[in-house]
Amino acid sequence: MSSELRTQAAKRIRRRRNFETHVIAQLAATVFLTLVWAVTEYQNSGGWPTGFRTGRMNHDWDPWIIYPVLAGAFAVGLHAWIAFGRRPATDAEIAREVARIEGQS
């Protein structure tokens, strides 16, 4: 096995492990925030929800939990694209970029 191939394989393993760690951390944060949201909304509204409105009526819960969950999902999606969606530069792409740089000077 070549040294370059081994280095590339190690990078891919590290990216996958970092992504898995991010997903687990995001799930833990979401569960924690959901528990905080449920406890505070239950206490503030005086019971279980009968609706979700921004105007506070009795038993209405504020849906603020949606925003951090969506932000976390966006962050995990971006991390997935960075970890798995981007491919290494090919020799042809590198040669074109070198030619372009040489043409500018």
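Atom set for the values below is all heavy atoms of this structure, side chains included, hydrogens, waters and symmetry mates excluded.
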In one Ile/Leu/Val/Met/Phe/Trp/Tyr side-chain cluster, 4.5 Å: V69, V76: no
Atom pairs and distances, side-chain donor-acceptor, residues 21-35, under 3.5 Å, sequence neighbours left out:
unit_1, atom_1, unit_2, atom_2, d
T21, OG1, R17, O, 2.9
H22, ND1, H79, ND1, 2.7
Q26, NE2, T30, OG1, 3.4
T30, OG1, Q26, O, 2.8
T34, OG1, T30, O, 2.7

Contacts of type salt bridge (Lys or Arg N to Asp or Glu O under 4.0 Å), residue E97, not counting sequence neighbours: R100
Set of side-chain contact (heavy atoms from CB on, under 4.5 Å) partners for A10, sequence neighbours left out: none
Residues which pass side-chain contact (heavy atoms from CB on, under 4.5 Å) with R15, listed by chain and number, not counting sequence neighbours: R12, A83
OG on S3 to CD on Q8, rounded to 0.5 Å: 11.5 Å
Set of side-chain contact (heavy atoms from CB on, under 4.5 Å) partners for E93, sequence neighbours left out: R87, A89, T90, R96
Pairwise ring-ring contact (aromatic ring centres under 6.0 Å, His included) hits with a residue in residues 81-104, at least two apart: F19-F84
